[in-house]
Amino acid sequence: MRHIIHADLDAFYAAVEQLDNPDLRGKPVMVGGSPQSRGVVATASYEARVFGVHSAMPMATAVRQCPQGIIVRPRFDRYREMSRLVMDIFHQLTDLVEPLSLDEAYLDVTGKVAEGRLPLGVAIELKRQVKDATGLNVSVGVGTSKSVAKIASDLEKPDGLVLVAPGEEREFLSPLPVGKLWGVGPKTAERLYADGIHTIGDLAQQPDEWFARRFGKRAPYVLAKAMGQDEEPVKTERTPKSISAETTFPEDISDPEELGDVLNRLALNVSSHLERKEVKGRTVTVKLRLTDFTTLTRQTTLSTATNSEKVISETGWKLMSAELTPGRSLRLLGVGMSGFAEHSDLPQQLPLPFSDSMSQG
Ligand code: DCP
Ligand code: MG
């Protein structure tokens with residue numbers, strides 16, 4: 001049996017701002033772009049969430065709903081620095097860490113439990129270590145699978161700690177809305193509601209034939225998740241062939257400035273991921289999905305390998321802006337880096353023989 005922890009920092013960007021500036025503590029803080037330039041909320045402190053302010057909301061709307069909210073511009077370098085501290089603490093506990101974003105990771109702590117530690121004790125200690133080292137609160141879920149741990153960590157945010165005891169997975173999941181299940185997106189959830197399936201328990205009760213019809217090849221995975229028995233391993237940091245980040249918009253976006261903001265965020269994500277894996281790449285790719293679902297990818301190969309957020313976003317911008325014609329809207333934007341150097345610690349200033357011809361096309 002495995003013991004998995006899912007850890008997710010509370011109101012991450014806003015919490016860092018409140019940490020660094022005591023004047024912001026206990027106040028509604030909205031981190032993001034300016035309401036004048038169609039900026040969006042990256043995240044809001046829990047004090048602001050009371051007013052309905054949330055991530056991805058236009059800042060102008062946030063200001064309307066919470067006029068006393070304090071708008072703070074994001075400081076990505078600082079968030080990345082904090083993220084690194086937190087991920088280091090995770091790594092001190094176990095080698096089996098799978099980061100999902102700057103503020104979120106799975107940890108496989110089965111080894112600790114085998115040494116005689118109680119899963120609850122491991123989780124309490126983890127929360128305390130993060131708090132002591134950084135001043136940040138992390139919400140933690142503990143369970144025998146990734147999906148149960150992830151759902152659990154979200155349930156009592158902020159500063160949550162939810163443990164699902166072995167054998168109680170199904171009972172735990174049963175009353176929760178199907179939309180909470182990993183892999184069931186908003187559209188699938190809506191279709192399930194239409195079929196009268198509201199909770200994860202409702203879903204777990206459906207006959208096998210129904211699962212096969214509704215989910216096709218994915219049926220066994222979805223069923224396992226609904227029963228709280230998925231076997232998905234915690235995937236540690238190996239060097240993959242490419243690292244990318246993408247996002248689908250709630251509504252299609254045509255404004256280049258707005259797309260530029262998204263691109264910067266994705267570039268930060270890719271760059272911090274590259275940094276964590278200690279690799280640098282030369283090929284930057286952007287992926288654009290248009291309103292009609294046409295997907296374009298455009299890439300270019302740089303002369304020097306990099307993990308720089310600035311270079312990735314600038315290169316991505318060149319590739320993307322060449323495709324932005326008036327009236328063209330995007331429903332998805334992605335940025336990726338590939339073409340990794342075998343040993344990224346070796347100097348990269350000299351091009352490898354043939355690298356130019358290899359990088360074309
Ligand atoms: N983020 C963003 N845009 C989004 C969602 C998130 O820029 N649409 C950034 C800001 C968040 C950080 O990523 O602080 C982490 O995302 P989370 O979804 O974990 O949200 P928070 O940590 O802010 O809040 P919580 O986890 O307490 O719900
Ligand atoms: Mg978070």
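Just follow the structure's listing: the first ligand is 1, and inside any ligand the first atom is 1.
Taking only nitrogen or oxygen atoms, main chain and side chain alike, E104 does not reach within less than 3.5 Å of ligand 1. The shortest N or O to N or O distance between S55 and ligand 1 is not below 3.5 Å.
A salt bridge links D159 with K127: the distance from a Lys NZ or Arg NE/NH1/NH2 to an Asp or Glu carboxylate oxygen falls below 4.0 Å.
Ligand 1 lies nowhere less than 4.0 angstrom from a heavy atom belonging to E17.
Near F12, meaning under 4.0 Å from any of its heavy atoms, are these atoms of ligand 1: 14 (O), 21 (P), 22 (O), 23 (O). Close approach of ligand 1 to A11 (heavy-atom distance below 4.0 Å) involves ligand atoms 21 (P), 22 (O), 23 (O), 24 (O), 25 (P), 27 (O). Every atom of ligand 1 is numbered from 1 in the order shown, and the set under 4.0 Å from a heavy atom of Y46 is 25 (P), 27 (O), 28 (O). For ligand 1, the atoms lying closer than 4.0 Å to a non-hydrogen atom of L9 are 22 (O), 25 (P), 26 (O), 27 (O).
Considering only heavy atoms from C-beta on, K277 stays 4.5 Å or farther from F340 through its side chain.
Test Q68, K27, Q18, M30 against E47 for side chain to side chain contact (heavy atoms under 4.5 Å, CB included) and you get one pass: Q18. Between L330 and the choices V262, L290, L296, D252, the side chain to side chain contact (heavy atoms under 4.5 Å, CB included) rule is met once, by L290.
Between F76 and Y13, the two ring planes are perpendicular [angle over 60°; tilted spans 30° to 60°].
For atom 28 (O) of ligand 1, the nearest protein heavy atom (residue, atom name, distance) is R49 NH1, 3.0 Å. Closest protein heavy atom to atom 14 (O) of ligand 1: Y13 N, 3.0 Å. Closest protein heavy atom to atom 23 (O) of ligand 1: T43 OG1, 2.5 Å. The nearest heavy-atom contact from the protein to atom 17 (P) of ligand 1 is D103 OD2, 4.0 Å.
For the residues A14, A42, G160, the heavy atom positioned nearest atom 4 (C) of ligand 1 is part of A42. Nearest to atom 26 (O) of ligand 1 by heavy atom, out of R265, K157, M57, is K157.
The count of protein N, O or S atoms under 2.8 Å from the Mg ion (ligand 2) stands at 3, with waters excluded from the count.
Counting heavy-atom neighbours within 6.0 Å of E190 CD, excluding the residue itself, gives a total of 12 or less.
Hydrophobic clustering of Ile, Leu, Val, Met, Phe, Trp and Tyr side chains at less than 4.5 Å, counting indirect connections, unites L181 with F172. Clustering ILVMFWY residues whenever any of their side-chain heavy atoms sit less than 4.5 angstrom apart, transitively, puts I243 in a cluster other than the one holding Y106.
Residues E169 and T144 have side chains that bring a donor and an acceptor to within less than 3.5 angstrom of each other. With 3.5 Å as the limit, one finds a donor-acceptor pair spanning the side chains of R289 and T295. Checking Q299 against T285 by side-chain atom types alone, a donor-acceptor pair falls below 3.5 Å.
Neither the backbone nor the side chain of Y79 has any atom closer than 4.0 Å to an atom of ligand 1 (non-hydrogen atoms only).
Taking the centre and axis of the six-membered ring of F215, the NZ or CZ atom of R218 falls outside the cone set by 45° and 6.0 Å.
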CA sep, side-chain torsions, deciding dist, call: S153, D8, side-chain hydrogen bond (donor to acceptor under 3.5 Å, both in side chains): CA-CA 7 Å; S153 76; D8 186 325; 5.5 Å; no
